[in-house]
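Reminder, nothing fancy here: chain letters follow the sequence lines and each chain counts from 1.
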Amino acid sequence: MTEAVRQYEPVIGIEIHVQLATRTKMFCGCELSFGEEPNTRTCPVCLAHPGVLPVTNAEAVHFGLMIGLALGCEIAPSSIFHRKNYFYPDSPKAYQISQYDIPLCTGGRLGDVRIHRVHLEEDAAKLVHAGSSGRIHGAESSVVDFNRCGTPLVEIVTEPDLRSAAEAAEFGRLLQATLRRMGVSDVNMEEGSLRVDANVSIRPAGQASFGTKTELKNMNSFRFLERGIEAEVARQEQLLAEGGTIQQETLHFDPEAGSLTSLRSKEEAHDYRYFPEPDLVPMAPTEEMLVRARAALPELPAARAERLERELELPADTAKLLSFRSELGDFYETALAADSDHPRRLANWTINELTAAVGDGDPADTKLEPPVLARLVAMVADKQVSASAAREVLAVLIAKGGDPAQVIEAQGLGRAGEEELGDIVDRAIADNPDAVEKIRAGKQQAIGALVGAVMRETKGRADGGEVQQMIRAKLGE
Amino acid sequence: MSDLLGLTAATQAELIASGEVSGAEVFEFWRGRAAEDDLGAYLWVEEETPADPGRLPPVAVKDLFCVEGVPSSAGSRILEGYLPVYTATSVRNLQEAGAAVLGKTNQDEFAMGSSNENSGFGPVQNPWDRGRVPGGSSGGSAAAVAAGTAPWAIGTDTGGSIRQPASLCGIVGLKPTYGAVSRYGMIAFASSLDQCGPLTRDVTDAALMLRALEGRDPCDSTSLGLPEAVTLPSAERLDGLRFGAWGLAEEGLDPGVAEVCRRTLDRIEELGGGVQEIELPSAGHGISAYYVVAPAEASANLARYDGVRYGYRSPHYDDLLGMYENTRAEGFGEEVKRRIMIGTYALSSGYYEAYYGTAQKVRSKIAQDFAAAFEQVDFVVTPTSPTVAFELGERTADPLAMYLSDYFTVPMPLAGIPAVSIPCGLSEGLPVGFQIAGPAFSESRILDAAYALERTIGFEGVPVP
Amino acid sequence: MIDRDQVLHVARLSRLRLTDEELERMPGELSKILDHVEKMDELDLEGIEPTTHVVELQNVLREDVPRPSLPRERALAGAPDVADGGFRVPSPGGS
Ligand SMILES: [Mg+2]
Ligand SMILES: [Zn+2]
């Protein structure tokens, strides 16, 4: 088994469907649905009544262009929609309007991964299991809710450039952060506004051609994506090691059981009978449309991370975190604009102390103002307040707002002065002769007991490192 | 009031405008006429006179136009009882111009047919000879206007479905340029070909109705409207106009029909027009291209009739596949199923290029033929139908023979250009239609030429018993 | 030419259940139509672009402005089988 793992190289490409955050659907004026009662966001067009016609949402095209430009794609001078024909209750027209051989964008790159294409299409309806129906002799029945039907989607397809499950998940996170930063989608995987499929194959290391690929459908978190790919790679390796062959099929990963099940239906092989949608005319982005899309692009996470690392000399991981969670990066950079003396310390406070307090939330939603954080961090740097006391101050500022100096004053959290601290250290030495003995005998760890005593006494208004230095000095170490 | 019967819609509109008769009286009169229809032309007739019927006479509407709250089934059992929740733009335009909906007219199911025998609700009889077909697919609209149970009507033309029944019933039928009239609310047959247009007693009425119908519609991405307002025709002469005659030597053309059409060419010359024979080398392949493109698009357009959201659902099923297959097998008629099969086959994996791809190239060739012709002539003229109205049942056993009824009318929609059919005489006591086609958006010029000819021909309508 | 198996395949793709009589009749009937259709191969189509749209329009777009949706009762009014505020169907894959 270990041998096999070394012999094969995974080849992974991913396909991402993103629901666009427009106000209305792709081809009709119904508002997008956010958990409304079923079938309250429908009209003749999205219910595919006889005689209706689609009309393309300009904002969806705009978002599509923004995504294409963000990913460095080539924008097609003229692209068209096709009909993709299949019968299923979630597809009221029995065809999906989608782009086929002339998509809006082709080529491009995000990080090290090449983008194959980016195209526009419409989402399907939702099927809800309804249990047994008396009407059909106890047969299982489902109920169709067309609220989601027609939601604008962008499908992003990568080249098979990913070589491990971890790389795939990492790429997915970067793409998610990028799209979120652009404001074109909610990119929420649990709610399905971002859906990921992976095409997975393996090949002997060093071989240029690809093996047969399988498709992993609809994983609702990047963690599951990673685990699903790992499981599928392992399954393929084992199959080949046992002399078997890989079947082209679609698989579902069950994250709880860690198992893969084939979704291959007993239906005939798909024959989508694509043909150009006669109800729509070509989209030929004008210079004006491109200028508008370009102007709408913010600095994207990859570029921001690179800039923070280069200009502020932040560690790569810190720069990346501030960029992937742009709300943190925005807070950080606003704070930094107020006081630019301590970029690294401020970054650490942002990604450590601030995130510890707000979790996945946005610090801008708290009472804390970015310049106030900058001031607090400056006071720590200037030793006006100890780090541990500053943490308490931060908690107050987040909850109630206000000014750090006032909070310190009001709560008596000001840093212990040299003299006061000296007295406290002397007392600690006097009160702990055993520890002093051990330190003198070379047991360095014993100093912790003395530091602890001082910290308790100062209620955190002193800095641990400094206390330690003072103890050593007093003990003549 | 019976004197309204012999009047054109334009004349009735003048009477309403001058206050000689009220819109309500006109509506009432036609409602009574429509209710007496015994040709099978109507599937539904309005029972109440609207509060404000408007300043134009009411209009008979082909069943495949959606009218809010009015049964609209496109002649199909699969939509029996379907009540649209919205009204087609073309119908709304007519209502806004002052023409109320008089009733819904019978048609070939989903506009697939040339005889109206493919209706899910029974055939329509030709008022000239009840043993004969009125043509199709807008057979009910044509028969109603010809028989005087409607002052005028709208229909749809995909491969000839306005012009051919107009020809067989001895009335005027106009297929506008693709994009001139909104398709929103017209139950789709073949989206790249379908156009709505008037079926009227004379050319002036056709112009009057086109004026109300045309216009860019934000609900139809392929609609443009006409570049200039439609003028009412007034030409008396055809001086300086060049007419290119096509198809008079075709094998399948009935000699009687050819003879009447030749006489019409003579009249063009008498009016000062020039006539020359022209070649449309690819137009003869129009039927082939049409019977790929139209069924292919139809196979997708008709896929929505699945028994889920509206319309018929078979009671015989025990799973989803069974529900789909039985609903569609029971709800659709023979011809519709045949075309869905052809269209699905033509699009299916491995056959797309050979059929659909090739047919779309043939369309380009036909459009090139017309473009070349319009370098030499102002209009292309042809017989509308190769024969006069044929007997009910005569062609039902031979689909291909039925398809060839559209030989002269199919090339124009394939190229997207407008064409009108006007009655030009009788052969064997039955009307013969003469077709005038022009470049895209030349409706006003086509109607002007048709008007001049109409005046010299002096065609009398169906002898009303 | 289209044979019986192809007719069955296409009928399945089209979701049409054919009767024995139709299955008997259709291969011949459709073949005759297709034979006629195939005559278009006589044309020289070298270098000819296919027509997808006869109107020269592009970028027909709609502003992203909501329009009222249908009240649910109206959306469901014509449905053959309604349950739980939705359109009921036999479950896909189940029977
Ligand atoms: Mg897709
Ligand atoms: Zn809608």
Side-chain angles (χ1 to χ4, degrees), chain A residues 27-29 39 42-56 81-97 125 127 133 135-144 146 149 265-283, chain B residues 64-66 72-74 76 79 82 84-86 88-89 110 182-188 190-194 217-223 293 296-297 299-306 308-311 317-321 323-325 328 343-344 346-352 356-357 360:
Chain A
F27 298 115
C28 69
N39 295 302
T42 72
C43 72
V45 176
C46 56
L47 288 173
H49 273 237
V52 298
L53 297 170
V55 186
T56 308
F81 285 102
H82 272 67
R83 292 185 183 179
K84 178 182 184 179
N85 296 284
Y86 67 97
F87 284 90
Y88 206 73
D90 68 2
S91 174
K93 301 186 293 296
Y95 56 82
Q96 180 195 34
I97 302 179
L127 274 172
S133 154
R135 195 176 178 282
I136 337 171
H137 303 298
E140 295 296 298
S141 70
S142 300
V143 166
V144 198
F146 289 94
C149 186
S265 67
K266 42 189 189 272
E267 294 294 306
E268 75 282 352
H270 280 305
D271 183 348
Y272 291 124
R273 289 159 284 137
Y274 280 100
F275 73 100
E277 168 57 281
D279 289 333
L280 294 169
V281 300
M283 278 184 294
Chain B
L64 62 59
F65 289 90
C66 287
S72 304
S73 65
S76 181
L79 278 176
Y82 170 67
V85 293
Y86 75 107
T89 303
F110 288 107
S182 169
R183 292 185 294 115
Y184 187 70
M186 255 171 67
I187 298 176
S191 311
S192 74
L193 300 161
D194 296 343
D217 177 11
C219 294
D220 177 359
S221 309
T222 65
S223 84
V293 173
E297 293 179 6
S299 73
N301 283 330
L302 272 58
R304 69 189 56 196
Y305 306 109
D306 59 4
V308 175
R309 296 164 316 285
Y310 46 75
Y317 61 91
D318 39 41
D319 61 10
L320 182 67
L321 184 65
M323 185 195 86
Y324 280 149
E325 289 190 336
R328 292 165 59 77
T344 304
L347 290 173
S348 66
S349 173
Y351 295 96
Y352 179 93
Y356 196 76
Q360 294 289 53

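Contact record, B:P218 with A:V55: O-CG2, 3.4 Å, taken as the closest heavy-atom pair. Of all heavy-atom pairs spanning B:S348 and A:R273, the tightest one is CA-CG, 3.7 Å. The minimum heavy-atom distance linking A:P278 with B:T222 is given by the pair O-CG2, 3.5 Å. Heavy atoms only, all atoms of each residue included: B:Y324 and A:F87 are closest at CE1-CB, 3.9 Å. When all heavy atoms of B:R309 and A:L47 are compared, the pair lying nearest together is NE-O, 2.7 Å.
With no hydrogens or angles considered, a side-chain donor-acceptor pair links B:R304 and A:Y95 at under 3.5 Å.
When each of B:A296, B:S192, B:A190, B:G185 is scored by its heavy-atom pairs under 4.5 Å with chain A, the top score falls to B:G185. The choice from A:P44, A:A94, A:P92 that makes the most heavy-atom pairs within less than 4.5 Å of chain B is A:P92. Interface check for chain B: of the options A:G51, A:P276, A:P54, the most heavy-atom pairs under 4.5 Å are formed by A:G51. Put simply, of B:L302, B:N301, B:D194, B:L64, the one with the most heavy-atom pairs under 4.5 Å next to chain A is B:N301.
At a 4.5 Å heavy-atom cutoff, B:A88 makes no contact with chain A through either its backbone or its side chain. Using a 4.5 Å cut-off between heavy atoms, B:S72 does not touch chain A at all. Only the backbone of B:C219 comes within less than 4.5 Å of a heavy atom in chain A; its side chain stays farther off. Neither the backbone nor the side chain of B:P84 comes within contact range of chain A; no heavy atoms are under 4.5 Å apart. When heavy atoms are compared at a cutoff of 4.5 Å, B:F65 does not approach chain A at all. Within the 4.5 angstrom heavy-atom criterion, only side-chain atoms of B:Y82, from C-beta onward, approach chain A. For A:F146, the part lying near chain B is the side chain, with the backbone staying farther off; criterion is any non-hydrogen pair under 4.5 Å.
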TODO: Decide side-chain contact (heavy atoms from CB on, under 4.5 Å) for B:Y184 and A:V45; before the verdict, give the C-alpha distance in whole Å, the side-chain angles of both, and the deciding distance to 0.1 Å.
DONE: CA-CA 10 Å; B:Y184 187 70; A:V45 176; 4.0 Å; yes
Open item on the list: Evaluate B:Y86 against A:V52 for side-chain contact (heavy atoms from CB on, under 4.5 Å), listing each step before the verdict.
Closed with: CA-CA 9 Å; B:Y86 75 107; A:V52 298; 3.5 Å; yes
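Checking each of B:T89, B:D217, B:D220 against A:L53 for a side chain to side chain contact (heavy atoms under 4.5 Å, CB included) leaves exactly one that passes, namely B:D220.
For A:R83, the salt bridge (Lys or Arg N to Asp or Glu O under 4.0 Å) partners are A:E277, A:D279, not counting sequence neighbours.
A:D271 contributes a side-chain N or O that, together with a main-chain N or O of B:S349, makes up a donor-acceptor pair within less than 3.5 Å.
In this pair, A:F275 and B:Y356 present their aromatic rings perpendicular. The plane angle is above 60°, beyond the 30 to 60° band.
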